[in-house]
Amino acid sequence: MKEYDHTKIEKKWQREWAKKRLYRAVESADKPKFYVLDMFPYPSGEGLHVGHPKGYIATDILSRMKRMQGFNVLHPMGFDAFGLPAENYAIKTKTNPAIAVAKNVARYKKQLEIIGFDYDWSREVNTTDPGYYRWTQWIFAKLYERGLAYESYEPINWCPSCKTGLANEDVEDGRCERCGTAVEKKPMRQWVLKITDYADRLLADLDTLDWPSHIKESQRNWIGRSEGAEIEFAIKNHAGRIKVFTTRPDTLFGVTYVVLAPEHVLVTDLLKHAKNKDEVVKYVAHARMMTAIERTDAKKDKTGVKLDGVVAVNPVNKEEVPVFVADYVLADYGTGAVMAVPAHDERDWAFAKKYNLPVREVIAPHRYYAPNPPRDGKKTVTRANVHAIVRNPKTGEILGIKWKKFPWTTFPMGGIDAGEDSVAAAKREVYEETGYKNLKVTQSLGGRVVAEYFAAHKDENRVSHTSAVCFDLIDEERDPLSAEENEKHEVIWMDPKKITPSDMTHAELDVWLGRLGKEPEAYVGEGVLLDSGVFSGKKSEEVRKEITKFAGGTWVVRYKLKDWVFSRQRYWGEPFPILHQIKTKRALLIHGFEATGDDHWFKKMKKALEARGVEVHSPTVSTSHHPTIDSWMNELAPLVKDFGPDDIVIGHSLGGNAAIRLVQKMSKSIGRLFLVASAIGHVRNENEWETLARSMPESDIVSLRQFWQSPIDWNRITALVPHALLIKSKDDRIIPPHTYTVPTAWKVEEWDGFGHFDSAQGSEFDALWKRLEDFLPSEPILVSEDDLPVVLPKVKSYEPSGTGESPLATISRWVNVKVGTGKNARVLKRETNTMPQWAGSSWYYLRYMDPKNKKHLVDPKKEQYWGQVDFYVGGAEHATRHLIYARFWHKFLYDIGVVSTKEPFAKLQSVGLIMGEDGKKMSKRFGNVVNPDDIVARYGADTLRIYEMFMGPFDQAISWSTDGMIGSRRFVERVWRLRDKVDDIAHESRSTIALLHRTIAKVSDDIAHIRLNTAVSALMTLVNTCEREPSITRESYEVMLRLLAPFAPHMTEELWRALGNRSSIHRAPWPAANPALAEDDEVTIVAQVNGKVRAEFRMRKDASQETITMHAQSMPELVKWLDGKEVVKTIVVPGKLVNFVVKDRA
RNA sequence: GGGUCAGUGGCGGAAUUGGUAUACGCGCGACACUUAAAAUGUCGUCUGCCUUAACGGCGGAUGUGGGUUCGAUCCCCACCUGACCCACCA
């Protein structure tokens, strides 16, 4: 056989396979299907390193074996290329990301091709291909139609470096997962997917999946289901109620304060009632300033501030407790408020200790004393007891008493009398029982323990509420004991080592030992309720629902999982199939008389408008600061000259003359003018009124106020200003409080109260907002299915703006869409956010089934044929993102009938990283990157494949070793040279044939379970054995080649053809093991004496137990071990071993 | 702090219904082939002690300490170390 030239062989067969379309997947009913999937790569500019193909090699091996075993195999590959890395690369290199992606994809593909994978490239997908993302957009549209996609204005995680919002899943330790920058909270409009609607199903169906347990566990943690109670605390002298979430309502009687998160909606309101308003405002502001990392650092000291004067009422006992604002309570979990039970919660404990708040113990550990349990038929007495643990510092010994009538050893102990505390009681007991007089307290051993036992000395069952106090003897001064005490027990000093549950008669001992010498801490375990009204004495785990009901609360299920923030303020992503009505872009807020701009109404309006994407200008120009209306106008004019027909002006508290001036100046150029709370009463002259009304036919008066005694002719106004929504006082009187109503002809809005200019409260604001709604970007409109895809346009600059708008917003010819014709024509505006990187990868496995279909995401028949992915291989780092998102989308697609299965990936196998030779993560930064191209060129793809599989367990991280790879190359060459030993008249030994069959079984099984390192080692063993034979049959060699074909497809194909086979080895049937041939007829049996191997011998594998025993006993090596001993027992494992259990003859 | 997994020669690792610990490979050593080197092949390679010319023999070792068992890398308990994931989630 000629020399092994890997380059020539590999190129030749790769070309040939492509030409023959050897690996094309077909749907046909005659064969069972097998769908093997890799997590498709994200082609970066760096190209592949040797770690990347590891998973692909494994799926390649599995898919090749399955194909040879007669399955229709689907093993596709594609590219995920939207998102930040490609975009950042484009910014850096100043190239269109589409071009860079195409280049990177081509490079990746080439790198993959030389490794010889069996991908069906005719099914390649690319998430950035409009033909592909059309369907990503389609899925989004369906989600939107079903109410599972919505716009939210809640604060979200914002990365100031990437200049985009992030999903919860994209934040790691408070930092942006991509760039490591600390994320901020920023309020902005976002598209959000309601993944929480699927939380229960995502959790429950995990049980149906054959996935690694740690990945399932991370998903469970991420979903974070917890059951608990929602309970309301009333606020004294206030209408509001604080709703808290707790998993431990059984501790309700231990509540000593209530805590609100700084962002809690009630805080703003409650702080007005707080005596320390400034302090609270400062604390809240500070909390908002902090980054998530600072906030959530668990090591950080807990901080908070009391709402001084605000009092909450505990619903179970009507007790009044203080209210705090503290940032250890998270705004976005539960209800954003907690009831604090410092005795039984570590965080509350830490906070209470720091601020010196009361700790009330209501749960006691429960001990049932098994050695001396309560007895039936005896009365039960509940007592408060104390144990005294007294140490003599001179000797280190502990004081104990040994009971004379009972086999007990206890500490000095006894009941706590009325009016006594536990320390006094303990001292008294020590004195009475042992006579020692002078003690000092060293430690109080935490809270009480409830113990149940039978008190034999009193012939009753005890429920003891026990505490314990530790003392040191000050001196050994001691009084003699009473005769009565002397009769009962003996005083002893014990070695501290003897203080163990087996040496002492205390059910509580383990608790004391656990607390001894430690700082006191919260008891967070289960136990018996104390001081809890009617619930006292009950078990904590049993009363939760009952006590919740008693508190008027409800039992609820909560999830940690948050809805998926789905929009990014970046260029390189799928555009949303969404149009917005073009509305106001900018608003001018003008405050007139005396308003300062600080007032609540202004702030609220500004925030509301900004949240809807309106740019708000609110110059601090007030009529109050100007001597004349004209000078006011003059200051205002330059600030407003840019305002145009798309803009609105809102005037608040403008006097009549100012309003008229404003209208006259601006009504021609601006879109709409709204006047709120205007003192139109100033307009005394009806002609002026007419002027005003005629000047603003397109404008609105939302509310008028009368402050001076001047009657208004409402009918006249409404006739003149048909758009007006007037709110007038019911009886036209001026005396507050008065009620404004709208004439019955229009929508009636009632507004109670004068409001002291704080018109943010009540319907005056709402009425205006209702009007404004028509002018704001509102209810999005879905792009019709026929108009998909919404193609991502080319853009000059990819830089993110940082303002919360994507670069797309600057492309007006793309953003503005004209719909309708003639009179109905209107211009709509495209959504300019783009989808996150995870969108395309959430469903790509479906598209492989039917990649070119223009009518359907996937043809239902094909979807039904391929069904679930049978085997999915990829990195464990996707546990809480891709793998949750894809499951979510799949379930949704199931719900709308697109797919027929409830879960996308039946079996998941995670792949371990390949690290650099230095043990560090392979990265350009460390200069430890190994390029597969170099390895393939030097050693060949087959060697690379075998080595990567042989390195170690597949799912384990492991360091690359080019030296270690030599072994794989040698193995390949040995197989190659073995060809020279093929001889038709070869006679192989029976044991070699047996090994061959065992190897078939092992390799088949190992591949199926991705135990590829042992599969390779089995093949090596086989080759080693065959090399020792003088010659081997062609039949055996062909079996070996077929077993090796999935690992080394090129070399085996070459050898296979060289043997005269006309068709590809990769279409040849997989060898079947013959169990009858897989075993030698003789086996080695081990002879043991007392479990130690003393001899071994060969024997027919079906030898009987008796034969084996007889033979072993007669062996000289064994005789010397058995001689003079008595065989107590003989254990025979047929075909394996015989073990003689012997002992000395008595 | 919680979860998951792991710890075996100089190194990567193998060994599962509890039955010969260290397969396979790397490295290392010796030898053969060679003028030489490389390549290749053969043999050896956990460890201590005893013993021999050579052979051989006895004991110990799978992170540590216990337990169950005729027998434990494997099962149980406690602890130590490391990795990964999650974490102020009430």
Side-chain angles (χ1 to χ4, degrees), chain A residues 172-174 212-222 224-226 228-229 244-249 251 259 261 295-300 302 326-330 332-341 344-348 350-351 524 558-562 876-877 879-880 910 912-913 946-947 950-953 955-968 970-971 973-974 977 1011 1013-1024 1027 1084-1096 1117 1120 1127-1133 1135-1143:
Chain A
E172 287 173 357
D173 275 341
S213 57
H214 67 276
I215 297 203
K216 289 210 241 183
E217 200 50 39
S218 338
Q219 291 215 348
R220 283 192 196 103
N221 285 339
W222 195 261
R225 182 184 198 274
S226 61
V244 302
F245 174 68
T246 178
T247 54
R248 293 295 300 270
T251 62
V259 194
R295 280 277 294 263
T296 58
D297 181 4
K299 275 169 282 191
K300 174 184 92 127
K302 296 208 166 14
D327 67 1
Y328 79 91
V329 174
L330 308 176
D332 55 4
Y333 183 76
T335 57
V338 302
M339 56 179 225
V341 186
H344 305 295
D345 181 279
E346 284 167 16
R347 293 155 304 199
D348 298 340
F351 190 77
V524 298
R558 285 273 177 185
Y559 296 96
K560 235 162 67 177
L561 185 73
K562 305 268 190 315
E877 68 273 17
T880 46
S910 48
L913 280 180
I946 288 172
Y947 173 61
F950 183 62
M951 288 170 84
D955 56 358
Q956 203 171 292
I958 200 159
S959 295
W960 177 263
S961 159
T962 303
D963 284 345
M965 197 176 53
I966 297 297
S968 301
R970 285 181 189 148
F971 170 62
E973 288 177 9
R974 289 216 305 275
R977 284 198 300 268
R1011 292 190 297 253
N1013 53 332
T1014 54
V1016 173
S1017 93
L1019 286 163
M1020 286 174 167
T1021 307
L1022 178 66
V1023 170
N1024 290 347
E1027 276 179 335
T1084 302
I1085 293 181
V1086 171
Q1088 297 181 335
V1089 177
N1090 285 347
K1092 286 206 194 309
V1093 179
R1094 296 301 178 189
E1096 58 183 54
E1117 299 98 304
K1120 73 177 182 197
V1127 176
V1128 185
K1129 199 173 172 187
T1130 306
I1131 292 137
V1132 181
V1133 182
K1136 284 243 165 93
L1137 63 77
V1138 53
N1139 185 16
F1140 298 103
V1141 185
V1142 301
K1143 66 172 187 187

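Reckoned from all heavy atoms, side chains included, excluding hydrogens, waters and symmetry mates. The sequence lines fix the lettering, A, B, ..., with proteins before strands; numbering per chain opens at 1.
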### Query
Nearest heavy-atom pair of A/M339 and A/V244: which atoms, and what distance?
N-CG1, 3.6 Å

### Task
Return the minimal non-hydrogen interatomic distance between A/N221 and A/K560, and the atom names on each side.
O-NZ, 3.1 Å

#### Entry: A/R248 side-chain N/O to B/A90 phosphate OP1/OP2 under 4.0 Å
no

### Task
Report the residues that fulfil side-chain hydrogen bond (donor to acceptor under 3.5 Å, both in side chains) with A/R970, sequence neighbours left out, ordered by chain and then residue number.
none

#### Entry: Under-4.0 Å side-chain N/O to phosphate OP1/OP2 contact, A/N1139 with B/U69
no

### Task
Report yes if the side chains of A/T335 and A/R558 come closer than 4.5 Å at any heavy-atom pair, otherwise no.
yes

### Query
When you match A/P953 and A/K562 each to their closest nucleotide on RNA chain B, which lands nearer the 5' end?
A/P953

### Query
With no angle test and no hydrogens, is the base of B/G19 tied to the side chain of A/Q1088 by a donor-acceptor pair under 3.5 Å?
yes

### Query
Has A/R1011 got a side-chain N or O lying under 4.0 Å from the OP1 or OP2 atom of B/A15?
no

### Message
Does B/C86 have OP1 or OP2 under 4.0 Å away from a side-chain N or O of A/K216?
### Response
no

### Query
When you check the phosphate oxygens OP1 and OP2 of B/C85, does a side-chain N or O of A/Q219 lie under 4.0 Å from one of them?
no

### Task
Measure from the side chain of A/T1014, starting at C-beta and using heavy atoms only, and say which of B/C70, B/A14, B/A90 lies closest.
B/A14

### Query
What is the glycosidic conformation of B/G7: syn, defined as within 90° of 0, or anti?
anti

### Task
Report the nucleotide, chosen from B/G19, B/G12, B/U20, that has the shortest atom-to-atom distance to any side-chain atom of A/I1131.
B/G19

### Summary
Closest of B/U4, B/A14, B/U20 to the A/E217 side chain is B/U4

### Task
Indicate whether OP1 or OP2 belonging to B/C24 is found under 4.0 Å from a side-chain N or O atom of A/R974.
no

### Summary
Sorted by position of nearest nucleotide on RNA chain B, 5' first, the leading residue of A/V1093 and A/E1027 is A/V1093

### Task
Ignoring the backbone of A/N1013, work out which of B/G13, B/U20, B/C85 is nearest its side chain.
B/G13

### Message
Looking at B/C24, which nucleotide sits across from it as a Watson-Crick or G-U wobble partner, both distances under 3.5 angstrom, or is there none?
### Response
B/G12

### Message
Please determine whether a side-chain nitrogen or oxygen atom of A/R970 lies at a distance below 4.0 Å from atom OP1 or OP2 of B/C26.
### Response
yes

### Message
Less than 4.0 angstrom between a side-chain N/O of A/K1129 and OP1 or OP2 of B/C70, yes or no?
### Response
yes

### Task
State which residues pass ring pair (Phe, Tyr, Trp, His ring centres under 6.0 Å) with A/F351; sequence neighbours excluded, sorted by chain then number.
A/Y257, A/F324, A/Y328, A/Y355

### Query
Among B/U4, B/C86, B/G12, which is the nearest nucleotide to the side chain of A/W222?
B/C86

## Note on the structure
In whole angstroms, the gap separating C1' of B/C70 from CZ of A/F1140 amounts to 12 Å

### Message
Counting only Watson-Crick pairs (N1-N3 plus N6-O4 or O6-N4) and G-U wobbles (N1-O2, O6-N3), all under 3.5 Å, who is the partner of B/U68?
### Response
none

### Task
Can you figure out which of B/C5, B/C70, B/G13 approaches the side chain of A/S213 most closely?
B/C5

### Query
Base, sugar-phosphate, or nothing for A/V329, non-hydrogen atoms under 4.0 angstrom?
base

### Task
From the options B/G19, B/C26, B/C88, select the nucleotide whose nearest atom is closest to the side chain of A/L1137.
B/G19

### Query
Under 4.0 Å: is that the gap between some side-chain N or O of A/R977 and OP1 or OP2 of B/G41?
yes

#### Entry: Separation of atom OH in A/Y333 from atom P in B/A87, rounded to whole Å
13 Å

#### Entry: side-chain contact (heavy atoms from CB on, under 4.5 Å) evaluation trace for A/V1141 with A/N1090
CA-CA 5 Å; A/V1141 185; A/N1090 285 347; 3.7 Å; yes

### Query
Counting side-chain heavy atoms from C-beta on, which of B/C24, B/C26, B/G13 comes nearest to A/S1017?
B/C24

### Task
Select one nucleotide: of B/G13, B/C5, B/C88, the one nearest the side-chain heavy atoms of A/D327.
B/C88

